[in-house]
A.B. asks: 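Please see the structure below; I have some questions.
Computed from heavy atoms alone, side chains included, the values below leave out hydrogens, waters and symmetry copies. Numbering of ligands and ligand atoms starts at 1, following listing order.
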Amino acid sequence: MKKLVILTGAGMSAESGVKTFRDSDGLWQNHRFEEVASPVAWQRDPELVLEFYNQRRKQLFEVGPNAGHLALVRLEEKYDVHIVTQNVDDLHERAGSSNVLHLHGELKKVRSTLDPSMIYTLDHWELKLGDTCEKGSQLRPHIVWFGEAVDMIGPAVEVVAEAEICMVIGTSMVVYPAAGLINYVKDKIPKYYVDPKAFHVQGIRNLEVIKEKAGIALPELVDKLLKQ
Ligand code: OAD
């Protein structure tokens with residue numbers, strides 16, 4: 001089976017009703033990320049940080065995968081599919097994709113502030129001040145905040161470097177190190193970039209740009225790849 005690696009960003013989940021970050025009315029239009037998504041914010045106002053992620057988590061319990069997520073699952077009939085996502089939602093998993101690596105953490109998971117290896121999955125949306133791990137320390141969102149290390153970047157580079165086909169879906173490709181992953185993809189392999197506002201890509205060979213929403217473009221692209 002050929003290895004097909006798919007890099008996804010917030011645009012992948014936009015049609016499920018999850019806001020992106022940098023589009024008009026995106027999350028970073030209404031919140032300063034320094035105030036809700038950084039270690040400094042957590043020190044200064046943990047309640048505000050918890051509330052920001054509680055609202056995101058609450059919404060996640062209310063939405064579901066879209067036609068784009070579902071299309072990607074079908075690729076597993078023919079390919080060894082690896083999804084590397086910047087998204088913190090679980091919509092790829094709920095659609096049925098088997099192999100998903102989360103670069104920026106997971107919204108439904110929380111972890112101990114004392115021992116980062118103590119990770120728990122929430123079955124409800126609200127994390128409060130006073131919710132603690134077994135050792136008595138406050139729990140925090142299992143999210144990579146600005147200024148924190150992206151621990152999963154090593155495994156992501158490994159998988160991307162072995163890709164025989166690559167897809168990039170719904171990301172503005174501005175946040176590093178995730179945006180740098182494309183540089184590890186082999187020159188000679190076919191690449192597809194699906195984003196209605198796909199930026200002008202220079203210097204990447206064998207790239208087909210599809211300026212369309214994921215939910216519309218992916219069912220068609222997946223059909224094409226399954227026929228090849
Ligand atoms: P952005 O909000 O920066 O970019 C979203 C991209 O999705 C844009 O290029 C849109 O054109 C595209 N888009 C919108 N609707 C779409 C649709 N229906 N189908 C396909 N594409 C669509 O989001 P990311 O690139 O994912 O990190 O942002 C990267 C990181 O920045 C996030 O993981 C987050 C944020 O700060 C952290 O919070 C650590």
A.B. asks: Nearest protein heavy atom to atom 31 (O) of ligand 1, by residue and atom, and its distance?
C.D. replies: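 Going atom by atom, the protein heavy atom closest to atom 31 (O) of ligand 1 ends up being Arg22 NH1, 3.0 Å.
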A.B. asks: Any side-chain donor paired with an acceptor under 3.5 Å for Glu158 and His82?
C.D. replies: no
A.B. asks: Return the residue, atom name and 0.1 Å-rounded distance of the protein heavy atom closest to atom 16 (C) of ligand 1.
C.D. replies: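 So the nearest neighbour among protein heavy atoms is Gly11 O, 3.6 Å.
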A.B. asks: Would you mind listing which atoms of ligand 1 come within a distance below 4.0 Å of any non-hydrogen atom of Asp23?
C.D. replies: 10 (C), 11 (O), 14 (C)
A.B. asks: For the pair His92 and His69, name the ring-plane relationship: parallel under 30°, tilted 30 to 60°, perpendicular over 60°.
C.D. replies: perpendicular
A.B. asks: Decide, yes or no, whether a salt bridge links Arg140 with Glu148 under the criterion of side-chain N to carboxylate O below 4.0 Å.
C.D. replies: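 Yes, charged N to carboxylate O under 4.0 Å.
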A.B. asks: Got an N/O contact under 3.5 Å between Phe146 and ligand 1?
C.D. replies: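 No, there is no polar N/O contact under 3.5 Å.
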A.B. asks: CD of Gln138 to CG of Asp131: how many Å apart, nearest 0.5 Å?
C.D. replies: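 Reported value, rounded in 0.5 Å steps: 6.5 Å.
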A.B. asks: Can an N or O of Gln86 be found at a distance shorter than 3.5 Å from an N or O of ligand 1?
C.D. replies: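 The answer is yes, given that Gln86 and ligand 1 share an N or O pair closer than 3.5 Å.
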A.B. asks: With respect to Thr8, which candidate in Leu103, Leu91, Val100, Ile169 satisfies the side-chain contact (heavy atoms from CB on, under 4.5 Å) definition?
C.D. replies: Ile169
A.B. asks: Just wondering, more than 12 heavy atoms not from Tyr184 lying within 6.0 Å of its OH?
C.D. replies: no
A.B. asks: Per the side-chain hydrogen bond (donor to acceptor under 3.5 Å, both in side chains) rule, which among Gln86, His142, Glu93 passes with His102?
C.D. replies: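 The side-chain hydrogen bond (donor to acceptor under 3.5 Å, both in side chains) with His102 is passed solely by Glu93 among Gln86, His142, Glu93.
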A.B. asks: As an exercise, identify every atom of ligand 1 less than 4.0 angstrom from a heavy atom of Glu15.
C.D. replies: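 Close to Glu15: 17 (C), 18 (N), 19 (N).
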A.B. asks: Same cluster for Leu207 and Val194 if Ile/Leu/Val/Met/Phe/Trp/Tyr side chains link at under 4.5 Å?
C.D. replies: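 Result: no, two separate clusters.
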A.B. asks: How far is atom 1 (P) of ligand 1 from the closest protein heavy atom, and which atom is that?
C.D. replies: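 Nearest neighbour among protein heavy atoms for atom 1 (P) of ligand 1, to 0.1 Å: Ser172 OG, 3.6 Å.
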A.B. asks: Using a strict 4.0 Å cut-off to heavy atoms of Val144, name the atoms of ligand 1 that fall inside it.
C.D. replies: 39 (C)
A.B. asks: For ligand 1 and Lys213, I'd like to know whether there is a polar contact (N/O to N/O, distance under 3.5 Å).
C.D. replies: no
A.B. asks: In terms of atom number and element, which parts of ligand 1 are under 4.0 angstrom from non-hydrogen atoms of Lys197?
C.D. replies: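 Listed by number with element, the hits are 11 (O).
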A.B. asks: Would Arg56 and Phe52 count as a cation-pi pair here, with the cationic atom under 6.0 angstrom from the ring centre and within 45° of the axis?
C.D. replies: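 Flagged: Arg56 positioned over aromatic ring of Phe52.
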A.B. asks: Just go through Phe21, Trp145, Phe33 and tell me whose heavy atom is the nearest to atom 35 (C) of ligand 1.
C.D. replies: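 Answer by nearest heavy atom: Phe21.
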A.B. asks: Look only at interatomic distance and state if Asn87 has a nitrogen or oxygen under 3.5 Å from any nitrogen or oxygen of ligand 1.
C.D. replies: no
A.B. asks: Does ligand 1 have any atom that is closer than 4.0 Å to a heavy atom of Ala37?
C.D. replies: no
A.B. asks: Check whether Val110 and Trp42 end up in the same hydrophobic cluster, where Ile, Leu, Val, Met, Phe, Trp and Tyr are linked by side-chain heavy atoms less than 4.5 Å apart.
C.D. replies: yes
A.B. asks: Nearest to atom 5 (C) of ligand 1 by heavy atom, Gly215, Gly170, Gly9: which?
C.D. replies: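 Of the listed residues, Gly170 has the closest heavy atom.
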A.B. asks: Please work out, at 4.0 Å between heavy atoms, whether the side chain, the backbone, both, or neither of Val175 comes within that distance of ligand 1.
C.D. replies: side chain
A.B. asks: Give the residue, atom name and distance (to 0.1 Å) of the protein heavy atom nearest atom 36 (O) of ligand 1.
C.D. replies: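 It is Trp28 NE1, 2.8 Å.
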A.B. asks: Would you check whether Ala10 has a nitrogen or oxygen atom less than 3.5 angstrom from a nitrogen or oxygen atom of ligand 1?
C.D. replies: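 In this structure, Ala10 places an N or O atom under 3.5 Å from an N or O of ligand 1.
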